[in-house]
Engineer: 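Dropping a structure here in structure tokens format, bear with me for questions.
Lettering of chains follows the sequences in order, A, B, ..., and the numbering in each one begins at 1.
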There are 2 protein chains.
Amino acid sequence: MHFEELIKTIKERRQVLQVTQETLAEVSGVGLRTIKQFESGKGNPTLLTLQKILEVLGMEVSLKLTNVSLNK
Amino acid sequence: MHFEELIKTIKERRQVLQVTQETLAEVSGVGLRTIKQFESGKGNPTLLTLQKILEVLGMEVSLKLTNVSLNK
DNA sequence: TATTAAAGAGCCGTATAATGCACTTTGAAG
DNA sequence: CTTCAAAGTGCATTATACGGCTCTTTAATA
């Protein structure tokens with residue numbers, strides 16, 4: 001899942017839940033500015049910030065195997 | 001997936017592929033120090049750093065829905 | 001025990017994420 | 001057009017991730 005896709009998924013999830021950026025900021029404990037930057041594609045959030053946001057939205061990070069590993 | 005679990009998964013994946021931290025650093029473009037800190041649980045990597053590491057290990061970030069969303 | 005590879009950790013400068021505040025832009029409803 | 005809520009942006013400060021260098025620790029093997 002690339003960056004834009006992550007953003008899109010999170011943004012849509014927030015909107016489905018009818019939560020504003022401001023509310024998300026308050027509930028998650030992440031600064032409003034940080035959320036705005038992230039959703040507008042400007043940021044490179046830390047894992048912790050991402051997890052705080054996801055938790056409020058009822059989501060979590062998981063890891064998936066892709067096909068190509070170290071090209072050996 | 002919580003922090004420790006992510007670390008554990010990534011570390012194990014690296015070991016399964018028989019890649020050293022040093023090689024992972026070189027191939028991924030992430031600093032060795034950063035990888036060491038991350039794997040020893042000291043860090044809070046940015047999403048970009050995480051993605052660089054995962055790509056080399058043949059993995060990627062994905063988002064999963066959990067049960068509880070905003071407790072409304 | 002000595003050697004060596006891999007991993008962990010201290011020190012520290014640089015880059016940038018996180019944040020607040022104020023202002024602007026956008027879009028919907030009246 | 002006006003109003004209002006939500007989202008986006010500029011600027012500045014603080015916190016911290018990134019990374020190199022060096023040294024230590026750990027574990028495996030000779």
Engineer: Without decimals, in angstroms, what is the distance between B:Leu32 CG and C:dA5 C1'?
Structural biologist: 13 Å

Engineer: Establish whether A:Val30 and B:Phe3 are linked, either directly or via other cluster members, by ILVMFWY side-chain heavy-atom contacts under 4.5 Å.
Structural biologist: yes

Engineer: Can you tell me how far P of D:dT16 sits from CG of A:Leu47, to the nearest Å?
Structural biologist: 16 Å

Engineer: Is the phosphate of D:dC18, meaning OP1 or OP2, less than 4.0 Å from a side-chain N or O of B:Thr49?
Structural biologist: yes

Engineer: In this structure, how many angstroms lie between the C1' atom of C:dC21 and the CD atom of A:Gln37, rounded?
Structural biologist: 14 Å

Engineer: Could you check B:Arg14 against A:Thr34 and say which one's nearest nucleotide on DNA chain C is further toward the 5' end?
Structural biologist: B:Arg14

Engineer: Could you tell me the separation between the CG atom of A:Leu32 and the CD atom of A:Gln37, rounded to the nearest 0.5 Å?
Structural biologist: 10.5 Å

Engineer: Grab the CG-C1' distance between B:Leu24 and C:dA7 for me, whole Å please.
Structural biologist: 13 Å

Engineer: Given D:dA6, is OP1 or OP2 found less than 4.0 Å from the side-chain N or O atoms of A:Thr20?
Structural biologist: no

Engineer: Roughly how many Å is it from CZ in B:Phe38 to C1' in D:dG19, rounded to a whole number?
Structural biologist: 17 Å

Engineer: Does the side chain of B:Gln21 get closer than 4.0 angstrom to OP1 or OP2 of C:dG8 through an N or O atom?
Structural biologist: yes

Engineer: Please determine whether a side-chain nitrogen or oxygen atom of A:Lys42 lies at a distance below 4.0 Å from atom OP1 or OP2 of D:dT9.
Structural biologist: yes

Engineer: With a 4.0 Å limit, can you tell me whether A:Arg33 has a side-chain N or O closer than that to the phosphate oxygens OP1/OP2 of D:dT13?
Structural biologist: no

Engineer: Can you find a side chain N or O atom of B:Thr46 that sits less than 4.0 Å from OP1 or OP2 on D:dC18?
Structural biologist: yes

Engineer: Base, sugar-phosphate alone, or nothing: which one does B:Lys11 contact when heavy atoms must sit under 4.0 Å apart?
Structural biologist: sugar-phosphate

Engineer: Take atom CD of B:Glu26 and atom P of C:dA5, then tell me their distance rounded to the nearest Å.
Structural biologist: 14 Å

Engineer: Could you measure the distance from the CZ atom of A:Phe38 to the CD atom of A:Gln21? Nearest 0.5 Å is fine.
Structural biologist: 11.0 Å

Engineer: Grab the NZ-C1' distance between B:Lys52 and D:dG19 for me, whole Å please.
Structural biologist: 11 Å

Engineer: Is there a side-chain contact between A:Leu65 and B:Arg13 in this structure, where contact means two heavy atoms from C-beta onward sitting under 4.5 Å apart?
Structural biologist: yes

Engineer: Using a 4.5 Å cut-off on heavy atoms from C-beta on, say whether the side chain of B:Leu57 contacts that of B:Leu24.
Structural biologist: yes

Engineer: Looking for any heavy atom pair under 4.0 Å, which part of the strands does B:Ser40 touch: base, sugar-phosphate only, or nothing?
Structural biologist: sugar-phosphate

Engineer: A:Lys36 has an atom NZ; how far is it from atom P of D:dA5, in whole Å?
Structural biologist: 14 Å

